[in-house]
Each structure stands twice: as structure tokens, then as C-alpha cells.
Amino acid sequence: MKTFKSSFKRLLIVSYRLPFSIQQTNEGPLLQQNSGGLVSAVLSMAEQMGQSQEGAVTKIHWVGHGDTSLQQVSPSTLENDTFVAHPVFMDDAVHKGFYEGFSNDLIWPLFHYFPSYASFSEHDFDCYKQANASFLNELTALIEPGDLVWIHDFQLMLLPDLLRRAMPAISIGYFFHIPFPTYEIIKLLPRTWRQSLIEGILGANVVGFHTTDYVQHFLQSVAEVLTLPVINQRIVLPDRSISVRDFPISIDFNKFNTSGQEAEVLATQQRYKSLLRHNKIIFSVDRLDYTKGITSRLLGYERFLVQHPDWHDNVTFVMTIVPSRDKIGHYQELKREIEETIGRINGLFGTIGWRPIVYSYRSLSFTELMALYTACDIALITPVRDGMNLVCKEFVASRQDHKGVLILSELAGAAQELSDALIINPTDTQEVADAINQALLMPLAEQERRLIHMRKHLQNHNVFRWSHDFLTALNDMISNPTDLETDLPILPFISTFNDAHKRLLLVDFDGTLAPIVNDPAEARPSGDLQTILVNLAESSDVVVISGRNRAFLEKTFAGIPVHLVAEHGAFLKKPDQPWERLDLSTDNWVDPVRSIMNYFVDRFPGSFIEQKETAIAWHYRMVGSEDVEGQAIDLSTQLRQVSSSIPLTVIQGNKVVEVKPAQHSKGTVALSLMEQKPYDFIVSMGDDTTDEDMFRQLPNWAYTMKVGPGTSFARYRLARQQDVETLLRQMSEALIAV
Ligand code: GDG
């Protein structure tokens, strides 16, 4: 794996749980780190960040809730060769409302699509705020300039913003380990709560989720709750922007790959096989939770036993449930339901010599877990909702023998990566029963083919890659801020332009070359500007790059020898040549888009649809209603959900919502033009969101200029549209003077 050198000084991890325990040894109490995915990932991050300048290994600081066992120990005990633990202590009642209440009784069920289990309590939200503030206090006492803070999970959604306010320049990453649900679910939260939670997360520089679905859901909520612009998965705030991306978490592949060969694991595995009379083994292990789909899994297995009596006596389902939260009502009920169902199935089908389900309610040692991963024939993993699910990845990694079948719920984040599993819907008990039968009958060659494929994926996408990717994204975000560098240094700019041999000028039309006017058909560059463009075009390639259609541009620039790019990069016309079509996508997406837009035309008299050759736009600049901006966001959201055979882009512009194929953009055409000649000077100017595609794709040495207010990927800003004409005039005069 690539190594990584970051500009960060120390790594500070913040999570609800501290992954440490105090071990009593002959030398006294010692801080022991628990094993686990996050600890391994963090250790590898520390290696990637390298050593301190003095050559010493920099210790990782970990801030987390401190239980009473940590209250008794001296600060020097809270440190070992690698870690320094920083326990956050809080009042028991605050902790209860924060953790058991708001986190586990509201956010957990709601975000896993169990709204009826959610309990909304103002007192709990107050505790959540207080607890996040306690984490902030611990952090601010600890942080030094240059530190990187990586905050984890749904218990600490308010913390990134609290920290940003306290220390505006600090680098903050935030990773969310559970699903981020659709806006329909977020809407169930009281308005002020949802606003605080989303603003809270936006304190980070980079926000990570497991899957692209969760990223989309989060961006949708940001747009709905805070109406902020989003450009290419970056949320644009007035003073900075936030990158939101998927980083699917994974496992230490090598650890699971090799542990299966250890003597103790092999011995345990053999013991299990012989205790189960060499029956086929189905295995599952979950924490006790209603999101894990345990009851419907049992019903699927029951259905399989009903439909396939030939398997009776030949198959055993080893189901392990790890105790969790069983003081809480819903969990007690669930445990009772699971145990009753198991009792019923064993009673119905079992015989003196055969128990269809071998159930235990306890946690397994690592050796036992590995023995079961490697002994089983089927791993049956059927959550009704799971952020990722690491158990399925661990099973695949432990099967060095390339035997065994993974049955996996489509509602686990992991299903997006492990498509060679038998993917099922966990509530469809017939599908589960069929998958069990299919897995039991699956030829070894097919088991091998599926496993090899999935193992290769996990070998390449292990937990070290996860942390590396996250850290790299954070480092990039900090070192390449998207905010504008400075105002343009005019004199050096003009002289660089003058000295250049091959010049490319890429200029947007509406709001850049021509002012925005009420009737779009009336927009024109001024007479002076037309003369300036003619002069510039003599010695430079001048490209007017617009969302307008071909006919309009051709008419407006008749007689001026500039290149024209129409419909955001779909068409190109070089001077004195015919139009070329650059966009070659199909248009079967247009009808569904138009029918959604038609509904908005009916609701907002004065608005209309413009059908372009490769795009379709809803214009609403003549609509008086104040409500219309919110509705335009609604429309954009609906349009983003249109399923289409080709990827589409929805552009929310100035009083217009436009849909076009994602394949072409001002950025793609700017790049292809740039590659046609060895240009040594490029300037690009624009005022609209679509111009950001150009700014982003052009090389760093190009002069990119945002016209007007707003955050941008451009390096420079021209405050007003009139400044464009002034600058182009100066450029043109400089050339004449030579
Ligand atoms: C969150 C999200 C997301 C389980 N039982 C035993 C045992 N385990 C270990 C497994 C695995 C881990 O616990 C469980 O990982 P999951 O991914 O299933 O779930 P969580 O970590 O609780 O939860 C989840 C995850 O965060 C990571 O982002 O995947 O969706 O809910 O490593 O091996 N280990 C041992 N004995 C057991 O009985 N030794």
C-alpha cells in the first residue's frame, strides 16, 4: 500500500467508547488496548503519518467516555507505548440521557428505519448536548495547533461544530458508522434538533459514510434543512467547504486470513465438527438487536426445514447472540421472541439425536469465532438494516480454503461490495429458505469462484486502505482549500498573458460576458465588448462556453471569430466550421424528467419548460410566489432520484433547474480543448455553478476566475460582471501595444 506523509502533527481519535481496559500486572495496573477494527486502522494511520521530527514515535491520543474503572486510576496509568487515553467523565444522569436515551433510544432506531421504536425526549436531547460539550472540554484542553482530530459516530454529531467554533483552524474528520437514512426519516426529528445535528456534523472538513446511498441521503438532508449549495459532493459554506464521501470500512484481511490456520483454531474447529456429527453447519453471530433480522432469519430456516425434510438430521444452525442492551424493554422482548421461536422450531423438528438450532447467548472468544467461521458451510447474515456489517467480511477473509457460502441481506451496507454473495431480502422468508437450499447444493467450483472474487476485493480494500483513504481525503481538503486565493494581481496577470505564445480564453456567457436581464432572449454583450472579443480572437483562442442553445449563440456571435460551446459542452463550433456534437448519450431519460417538471409548471403559473437538444430546463424567474425557491429544491431532489440508463446531472442555477447527461460538462469540453494545442496561458471565467466544472478540471496554473459572490473552486474573483469587460479590455489593449 502507498505510504502517506501528512502535514498533521498528532492524531486525536474521539469516539464514544474508549477501546482500553486496565490490566492488573506484577508491575501494577497497565493500559491495555482492546483489539478491534478501529484500533488496527488507527494504528496503521499513525504509521502512515510517520514519526515526529525528533524521530520519536508520536503517540495517538484517544478521547472517549470514561467508566468508573478509569476514575480510580492515576493519569500515568492511562498511557502505554502507543496510546494516551483521555477519559471524559460526566454525571450519571447526563450519561443516561445522552447514551441510553438520545443515542440508543432515538438515533439508533430512527436511523435504522425503526421509527416506531424511537423515543423523543427533550430531556435526552439536553443530555446529548451536555455530553458533546463535555467531550469538547476534554479536547480543547488537549489540542495543539497542527493536530488532526478524527471524530466517530452518531453519539457525537454535535461535536465537530462545537470544536470548529472553539478552534476555527483545526482539521476535523468525521465518520458515521451507521446508516444515514433518507430525508423522510430525518424529517421526523423536531426541526431544531435536525438542524443542530446536521450543522453539528458540518463542523468537519471531511465527512465519511460507508456507502454512496448514505452520502446521497446526507446531502439531501443538508439541502433540505439548510438549503446550502452542493458542488460535486462538496457542501459550500460562505467561508469554507466540506467534502462528503463514501469510505466503506473494512477488516484486517491478513489477520482473518491467517488466524484460521492456527493450531488452537483448527483443534476447536475439528471439535465442533465432530460434536455436530459432521452435519452441514449454518452459522450466524450478532449482537442482540432488532436491526439484525434474527427472527425472520429463524422463520426462513423453519420454512427451509418444512420444505426440505431430506435435510433434517443433516444440517445444524449454530446461532450465537452476543448479549447487548438487554435491560431495555425492546431488547428484552426481542430476546424472548427469539428464544421462543428457537424453542418452537427445535421442538417441532428436533429428535433425540438432532437439534436443528444450537443456540447460545454469550460472546465468543476470538478462537471460537474463527473456528466457527472456518467450520461452517454457510454464513447466514440477514440484518434488516446494517451500516456496513463486518461479520460477513470476516467470514470471507477467513476462508483460505475457498469453501463455504455467504448469504447476505441486501440491506447491509456490505452488500454493495460483496455482490458474489447470495443476496437476499431478509423479510422474504421464502427467499431465505431458497438461498439456504441453493447454498447447501452449491458445487464446490462455484463456491470457490464466488469466494475468490470477494476475497480479492477485501484484500485490496482492507481496513488500512480505509483509514489511508480517509486521511488522504482530509489532507487534500486541508491543503487545497476551495476558497478563492486572493483578488487577481492584475499587472503580473497581464504580463504573463502578454508573454505567452499560445493562449486559451474560456468565458461563460450569461452573467459573465452579458449581464443577467429579465428576458433571456435580450441578453447581449455590449458593442465595446464585441470589438474587444474580435481583437482578442486574432491572437488567442477565445471560447464562449455556455448553457445556451446553438441557435442563440450563433446569432449572438455572428461575425465574431470565437469558438462557441453550447448546452454546457454538448456542442462545439470552431470559427468558420460547422457544429460538432460532443454529447453522444441517449435521450430516453427525457420523458420521466419532463413529466415531473410538468407537474411544477401546473403548480407555478408563469414558469415554463425549455427543451434543449441535450438538456431540459424548468425556468421560474417570472413566478411571484415566495415558496418557489423551496419548491425548486424539492424538484431538484425528485429529479436526482429519476432512474436512468445514463448518469444525469441536475443543475440548480439562477431561477432555473436543468437536467442534462452527466457525461458532458463545461469541464470536459474545457479539458478536451486544452489538450488540442500546447497552451501556455489559460484563463477561465464564469459566475454560475456549471462553471465550477471548468474551474475544478483545469490545471492549477490556469487562471480561474469566479464572477460575483459565493464560494468557488476558482483561484480568483472578479466582483462584478462589468469587471469582466474591464479585464478583457486591458488584455486586448496590452496585445495591441506590443
Ligand atoms: C457499527 C455498525 C458497522 C461480534 N460478536 C463477537 C465478536 N464480534 C465482532 C465481530 C465484528 C464486530 O464484533 C461486529 O461488527 P459489526 O460491523 O457487525 O457491528 P458494530 O461494530 O457493532 O457496529 C456496523 C460497524 O460499526 C463498523 O463501522 O459495520 O454496521 O452498526 O468485528 O467479529 N467478536 C468476538 N466474539 C463475539 O462473540 N470475539
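Values reported hereafter were calculated over all heavy atoms of this structure, with side chains retained and with hydrogens, waters and symmetry mates removed. The shown structure was predicted, so the numbers you read here are calculated from the model rather than taken from an experiment. Counting starts at 1 for both ligands and their atoms, in listed order. We're numbering straight along the sequence, starting at 1.
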**Study point:** Val285: numbered ligand 1 atoms lying under 4.0 Å from its heavy atoms
**Key:** 5 (N)
Check your understanding: Going by the atom numbers of ligand 1, which of them fall below 4.0 Å from some non-hydrogen atom of Glu394?
Key -> 10 (C), 11 (C), 32 (O), 33 (O)
Check your understanding: Hey, does His210 sit under 4.0 Å from ligand 1 if you only count heavy atoms?
Key -> yes
Review point. Do Leu364 and ligand 1 have an N or O pair less than 3.5 Å apart?
Key: yes
**Study point:** Whether Phe470 and Trp150 hold their rings parallel, tilted or perpendicular, with breakpoints at 30° and 60°
**Key:** parallel
Revision key, fill the gap. Output for pair (Leu406 CG, Met454 CE), nearest 0.5 Å, gives 5.0 Å
Check your understanding: Which bit of Glu368 is near ligand 1, meaning a heavy atom under 4.0 Å away: side chain, backbone, both or neither?
Key -> neither
Exercise for review: Show which atoms of ligand 1 fall inside a sub-4.0 Å distance from at least one heavy-atom site of Ser363.
Suggested key: 38 (O)
Review point. Does Phe83 have Lys59 sitting over its ring (NZ/CZ under 6.0 Å from centre, angle to axis within 45°)?
Key: no
**Study point:** Numbered atoms of ligand 1 (with element) below 4.0 Å of Val322, judged on heavy atoms
**Key:** 5 (N), 38 (O)
Review point. How does Leu390 reach ligand 1, if at all, at less than 4.0 Å between non-hydrogen atoms: by side chain, backbone, both, or neither?
Key: both
Practice item. Can you label the angle between the Tyr290 ring and the Tyr117 ring as parallel, tilted or perpendicular, going by 30° and 60°? Key: perpendicular
**Study point:** Within 45° cone of Trp108 ring axis and under 6.0 Å: Arg325 NZ or CZ
**Key:** yes
Check your understanding: Can you tell me if CD on Glu264 sees more than 12 non-hydrogen neighbours from other groups inside 6.0 Å?
Key -> no
**Study point:** Parallel, tilted or perpendicular, as decided by the 30° and 60° cut-offs, for the rings of Phe366 and Phe256
**Key:** perpendicular
Review point. Which atom pair, heavy atoms only, marks the closest approach of Ala375 to Lys273?
Key: O-CE, 3.8 Å
Check your understanding: With atoms numbered from 1 as shown, which atoms in ligand 1 lie under 4.0 angstrom from a non-hydrogen atom of Gly387?
Key -> 30 (O)
Check your understanding: Out of Thr320, Ile381, Asn389, whose heavy atom sits nearest atom 29 (O) of ligand 1?
Key -> Asn389
Exercise for review: Check each atom of ligand 1 against the heavy atoms of Asp386 and keep those under 4.0 Å away; list them by number with element.
Suggested key: 24 (C), 30 (O), 31 (O)
Review point. Quick check: does Arg362 get an N/O under 3.5 Å from an N/O on ligand 1?
Key: no
